[in-house]
Amino acid sequence: MILAAVYDTKPYDREHLLPAADGHAVQWRFLEFRLTQATAATARGAQAVCAFVNDQLDRPCLEALAAEGIRLVALRCTGFNNLDVAAAKDLHLAVTRVAVYSPHAVAEHAVALLLALNRRIHRAYNRVRELNFSLHGLVGCDLHGRTAGIFGTGKIGRIMAQILRGFGMRVLAYDPFPNSSWAAATGVEYTDASSLVGLSDVVSLHVPLTPETHHLIRRETLDLMKPGAILINVSRGALIDTAALIEALKRGTLGGVGLDVYEEEEGIFFEDLSGQVLQDDELARLLTFPNVLITAHQAFLTREALADIAHTTVANLDALAQGTPFVEGSVLA
Ligand code: NAD
């Protein structure tokens with residue numbers, strides 16, 4: 001039997017992890033706080049920890065987990081920028097992630113943000129509830145015939161590109177590892193990063209957060225964007241320099257910004273802070289722009305994606321119990 005301590009647990013995690021473990025030699029210890037060096041001792045007695053995007057799996061935390069006898073860190077997400085892979089290898093800690101779970105969930109959320117922003121649905125919704133049926137200020141544009149630029153044509157970026165092709169958009173893409181046969185089959189054109197930004201009416205980010213992609217969108221990039229262009233980020237907050245984004249929004253040249261992730265989301269996103277004073281001034285400023293739409297890291301939140309995540313996690317815990325290989329493609333260390 002493997003006991004896994006599950007950090008930052010939300011009700012929807014329980015709902016999917018509990019049935020996924022039925023009939024398997026896996027037990028859960030659900031914990032609602034995040035995993036950090038300070039909380040790592042709560043893993044005592046478990047053989048594995050199950051962590052999410054805002055757990056802080058830096059070297060001190062991994063050292064503390066190793067000292068508690070943890071053998072596997074099973075991430076229940078795709079991105080692993082919050083985990084020190086080299087430290088895990090040094091400590092002989094196995095690390096797995098869920099490399100593939102409904103990429104449609106994430107791409108469709110990016111499209112939802114884009115459509116809502118372009119057609120001012122977020123503003124219309126509030127207005128109509130106040131019995132204000134005026135259309136003033138709600139003019140959008142046809143996406144058909146416009147150009148979209150996709151950074152990163154991995155699993156999610158490719159689906160995003162295909163959906164936008166379905167709208168009749170021209171789709172440009174940039175990826176250091178282009179997929180030429182896919183592009184030819186779907187009518188997507190690869191180009192360099194600067195041309196993509198300069199030519200696109202919609203720029204959407206689908207790259208992992210790495211030292212190379214940190215602040216991929218910064219002052220110079222924002223200056224290259226077409227007036228009225230819409231920027232969508234459902235990948236990781238630190239792909240965008242938030243201070244530079246706020247400056248660009250204040251200049252009024254951006255058409256809209258849809259964010260499912262935020263540079264400093266840790267400790268804010270996934271929490272109900274509605275009774276508190278928001279201490280993050282940049283987030284507070286972003287929330288004042290009428291053309292900014294923010295969701296709190298929910299792009300993955302479909303029944304299909306949660307079920308995929310639970311099944312891969314249980315399969316990896318089973319593999320730990322039985323000494324068999326982890327799920328293909330999920331091993332980081
Ligand atoms: P993936 O690994 O399949 O694809 C990433 C692509 O980005 C690869 O093709 C890679 O070559 C490319 N890339 C790397 N550096 C680049 C750069 N500098 N410029 C352009 N392209 C670059 O990953 P995926 O499954 O498509 O996921 C993408 C990201 O989405 C994840 O890393 C994660 O951060 C994020 N994500 C967010 C949510 C959410 O709920 N908001 C859910 C899942 C994933």
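For ligands, and for the atoms within them, numbers begin at 1 and follow the listed sequence. Predicted model, so just to flag it, every value in this text is computed and none were measured. Because only heavy atoms are used, hydrogens play no part in the values below, and waters and symmetry mates are left out as well, while side chains stay in.
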Give the residue, atom name and distance (to 0.1 Å) of the protein heavy atom nearest atom 16 (C) of ligand 1.
Pro176 CD, 3.6 Å
Decide whether Glu266 and Gln56 meet the rule of one side-chain donor and one side-chain acceptor closer than 3.5 Å.
yes
Pair Arg218, Thr221: side-chain N/O donor-acceptor within cut-off below 3.5 Å
no
Just distances here: any N/O of Thr213 and N/O of ligand 1 closer than 3.5 Å?
no
When the aromatic ring centroids of His297 and Phe270 are compared, is their separation below 6.0 Å?
yes
Looking just at side-chain N and O atoms, do Glu263 and Thr242 make a donor-acceptor pair shorter than 3.5 Å?
yes
Polar side-chain atom of Thr9 near backbone of Val6 as donor-acceptor pair, under 3.5 Å:
yes
Checking contacts here: is it the side chain or the backbone of Val207 that comes within 4.0 Å of ligand 1, counting heavy atoms only? Could be both or neither.
both
Note: Arg251-Asp223 ion pair, threshold 4.0 Å (strictly below)
yes
With a 4.0 Å cut-off on heavy atoms, does Pro103 reach ligand 1?
no
Working note: Arg219 + Asp241, criterion salt bridge (charged side-chain N to carboxylate O under 4.0 Å, His left out); need CA distance, chi angles, decisive distance, verdict.
CA-CA 8 Å; Arg219 176 185 284 269; Asp241 178 344; over 6 Å; no
Checking a contact table here: which protein heavy atom is nearest atom 4 (O) of ligand 1, and how many Å away?
Gly154 CA, 3.2 Å
For ligand 1, note which part of Tyr101 has a heavy atom under 4.0 Å away: side chain, backbone, both or neither.
side chain
Taking both backbone and side-chain atoms of Phe151, is any N or O found less than 3.5 Å from an N or O belonging to ligand 1?
no
Any chance the rings of Tyr190 and Phe177 have centres within less than 6.0 Å?
no
Do ligand 1 and Leu216 have nitrogen or oxygen atoms that lie under 3.5 Å from each other?
no
For ligand 1, find out whether one of its N or O atoms is nearer than 3.5 Å to an N or O atom of Phe300.
yes
Can you report which non-hydrogen protein atom sits closest to atom 37 (C) of ligand 1, along with the distance?
Val234 O, 3.1 Å
What is the nearest protein non-hydrogen atom to atom 44 (C) of ligand 1, stated with its residue, atom name and distance?
Ile156 CD1, 3.7 Å
For ligand 1, is Asp175 a contact, meaning one of its heavy atoms is under 4.0 Å away?
yes
Let's go through Asp260 and Arg236 carefully: what are the C-alpha distance in whole Å and the side-chain angles of both, what is the deciding distance for salt bridge (charged side-chain N to carboxylate O under 4.0 Å, His left out) to 0.1 Å, and is it a yes or a no?
CA-CA 8 Å; Asp260 186 52; Arg236 283 293 179 269; over 6 Å; no
Which of the listed options, Arg158, Arg236, His214, holds the heavy atom that is closest to atom 33 (C) of ligand 1?
Arg236
Between Thr210 and Thr213, is any side-chain donor less than 3.5 angstrom from a side-chain acceptor?
yes
Within the 4.0 Å heavy-atom shell around Ala299, which atoms of ligand 1 are there?
39 (C), 40 (O), 41 (N)
Hey, are Thr153 and His206 close enough side-chain-wise for a donor-acceptor pair under 3.5 Å?
no
Just which atoms of ligand 1 are under 4.0 Å from any heavy atom in His297?
39 (C), 40 (O), 41 (N)
Numbered atoms of ligand 1 (with element) below 4.0 Å of Pro208, judged on heavy atoms
5 (C), 7 (O), 14 (C), 32 (O)
For Asp281, does the CG atom sit with more than 12 other heavy atoms under 6.0 Å from it, leaving out its own atoms?
no
Which residue and heavy atom of the protein sit nearest atom 29 (C) of ligand 1, plus the separation:
Ser235 OG, 3.8 Å
The atoms of ligand 1 lying under 4.0 Å from a heavy atom of Tyr174, numbered in the order shown, are 19 (N), 20 (C), 21 (N)
Could you walk me through whether Thr313 and Asn316 pass side-chain hydrogen bond (donor to acceptor under 3.5 Å, both in side chains), step by step?
CA-CA 5 Å; Thr313 304; Asn316 280 327; over 6 Å; no
To which protein heavy atom is atom 28 (C) of ligand 1 closest, and what is the distance rounded to 0.1 Å?
His206 O, 3.7 Å
Quick one: does Lys155 get an N or O within less than 3.5 Å of an N or O on ligand 1?
yes
Can Glu212 be said to touch ligand 1, with heavy atoms closer than 4.0 Å?
no
Considering the heavy atoms of Phe177, write down every atom of ligand 1 situated less than 4.0 Å from one of them.
11 (O)
